[in-house]
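Only one structure is covered here, and it is reproduced in the block below.
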Amino acid sequence: MKNKEKSMESIVIKTPEDIAGMRIAGKLASEVLDYITPFVKVGVTTGELDRLCHEYMVNVQGTIPAPLNYCPPGYTPYPKAICTSVNDVICHGIPGDKVLKSGDSVNLDITVIKDGYHGDTSRMFLVGDASILSKRLNEVTYECMWLGISKIKPGAHLGDIGHVIQQYAEKAGYSVVREFCGHGIGKVFHELPQVMHYGKPGTMEKLEAGMIFTVEPMINAGRREIREMGDGWTIKTKDRSLSAQWEHTVLVTETGYEILTLSAGYPPIPDYITVPPEFAKK
Ligand code: MF3
Ligand code: CO
Ligand code: CO
């Protein structure tokens, strides 16, 4: 969500009951992406991907798509169940008639609600034959997300996460979007803290066990500036360069972090990341 549009309450420390609910919601969100993966092919429309995800959520999972009719202050109600952000769309792309063609890259961002708890995760999909640039931007963005997550533990600061993401992205020659950030999440879709994907080590909030927030870097191949489209939601790169994003919902544990948005179909995870035993490499 956009910077500075969340409530000014303080950061919620989740109860064991909340954490149990968030584990379930997180896994379900990831499973929507597992389900949709084989459909993300040349010729499909973003509207069809939305329709399939929506039906899976409601009819198979018994989850509610959080984006549908979501209406933060200053916005119009979001009209669809998922976000589909293609090529130079940074985030909040609205599914519609757009046909995916070979060489396109698309981020599918899924947020489900189960028993009142939100699970929020997104992945990139490269359609057909991807360009070298698109592959590299995707890989760098994926690494940015994991490097950020790897910093999470009690006593660390949010600035530690932002710093490592910014450093890695800029070293690759890319830029970090500033206007949108990760967010606290639980019974509320977007709550404090704001998780910037840039910054300085040791700055911003200190992390405590029981916090849950997303890490969702948006990285542009060109300049970082954004353009807001007339539909009230879609955000594109100003210079029309490619943009990529990956997202997880993460719990701060006593010893580090627990990624809540994993599932059986998740792509390979870097070796330096600790994952629950069920997701460990076989
Ligand atoms: N899922 C997005 C996020 O990661 C938010 C989408 S809001 C919507 O924060 F209304 F566009 F769906
Ligand atoms: Co999010
Ligand atoms: Co999201």
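For ligands, and for the atoms within them, numbers begin at 1 and follow the listed sequence.
- The residue among Cys83, Pro67, Pro79 with a heavy atom at the shortest distance from atom 11 (F) of ligand 1 is Cys83.
- Within the 3.5 Å criterion, the main-chain N or O of Lys80 finds no donor-acceptor partner in the side chain of Asp50.
- The atom of Glu216 nearest to the Co ion (ligand 2) is OE2, with the search restricted to N, O or S atoms.
- Between Tyr257 and His248, the ring center distance fails the sub-6.0 Å criterion.
- Heavy-atom minimum distance, Ala29 versus Val112: N-CG2, 3.8 Å.
- Atoms of ligand 1 lying under 4.0 Å from any heavy atom of Phe189, numbered from 1 in the order shown and given with element: 1 (N), 5 (C).
- If you put the vertex on the Co ion (ligand 3), OD2 of Asp109 and OE1 of Glu247 sit 90° apart, to the nearest 10°.
- Under a 3.5 Å cut-off, the side chain of Asp239 and the backbone N or O of Arg223 do form a donor-acceptor pair.
- Residue contact annotation: His190 places no N/O/S atom under 2.8 Å from the Co ion (ligand 2).
- Electrostatic pairing of Glu48 and Arg51 counts as a salt bridge here, judged by a charged N lying under 4.0 Å from a carboxylate O.
- With values rounded to the nearest 0.5 angstrom, Ile212 atom CD1 is found 8.0 Å from Thr249 atom OG1.
- Using modelled atom types and a 3.5 Å distance limit, the side chains of Thr141 and Asn138 yield no donor-acceptor pair.
- Using 4.0 Å as the threshold, Thr214 has no heavy atom nearer than that to any atom of ligand 1.
- Contact annotation: His183 has at least one heavy atom less than 4.0 Å from an atom of ligand 1.
- Within the structure, ligand 1 lacks Tyr75 among the residues with a heavy atom less than 4.0 angstrom away.
- For a threshold of 3.5 Å applied to N or O pairs, the pair formed by Trp233 and ligand 1 contains no separation below that value.
- Contacts of Ser122 with ligand 1, taken as heavy-atom pairs under 4.0 Å, are absent altogether.
- Remark: among candidates Asn69, Ile82, Asp109, Thr249, the nearest residue to atom 2 (C) of ligand 1 is Asp109, based on non-hydrogen atoms.
- Relative ring orientation between Tyr35 and Phe39 is described as tilted, the plane-to-plane angle lying within the 30° to 60° band.
- The distance from atom OH of Tyr198 to atom CD of Glu170, rounded to the nearest 0.5 Å, is 11.5 Å.
- Close approach of ligand 1 to His190 (heavy-atom distance below 4.0 Å) involves ligand atoms 3 (C), 5 (C), 9 (O).
- Annotation for ligand 1: atoms under 4.0 Å from non-hydrogen atoms of Glu216 are 3 (C), 4 (O), 9 (O).
- A ring-ring contact (aromatic ring centres under 6.0 Å, His included) with Tyr78 holds for exactly one of Tyr70, Trp233, Phe189; it is Trp233.
- When Leu260, Ile110, Thr261, Asp109 are each tested for a side-chain contact (heavy atoms from CB on, under 4.5 Å) with Asp120, only one passes: Asp109.
- When each atom of ligand 1 is checked for a heavy atom of Thr111 under 4.0 Å away, the hits are 1 (N).
- Residue His92 has no nitrogen or oxygen atom sitting less than 3.5 Å from a nitrogen or oxygen atom of ligand 1, judged on distance alone.
- Nearest N, O or S atom of Asp120 to the Co ion (ligand 2): atom OD2.
- Contact annotation for Asp120 and ligand 1: only side-chain heavy atoms (C-beta onward) come within less than 4.0 Å of the ligand.
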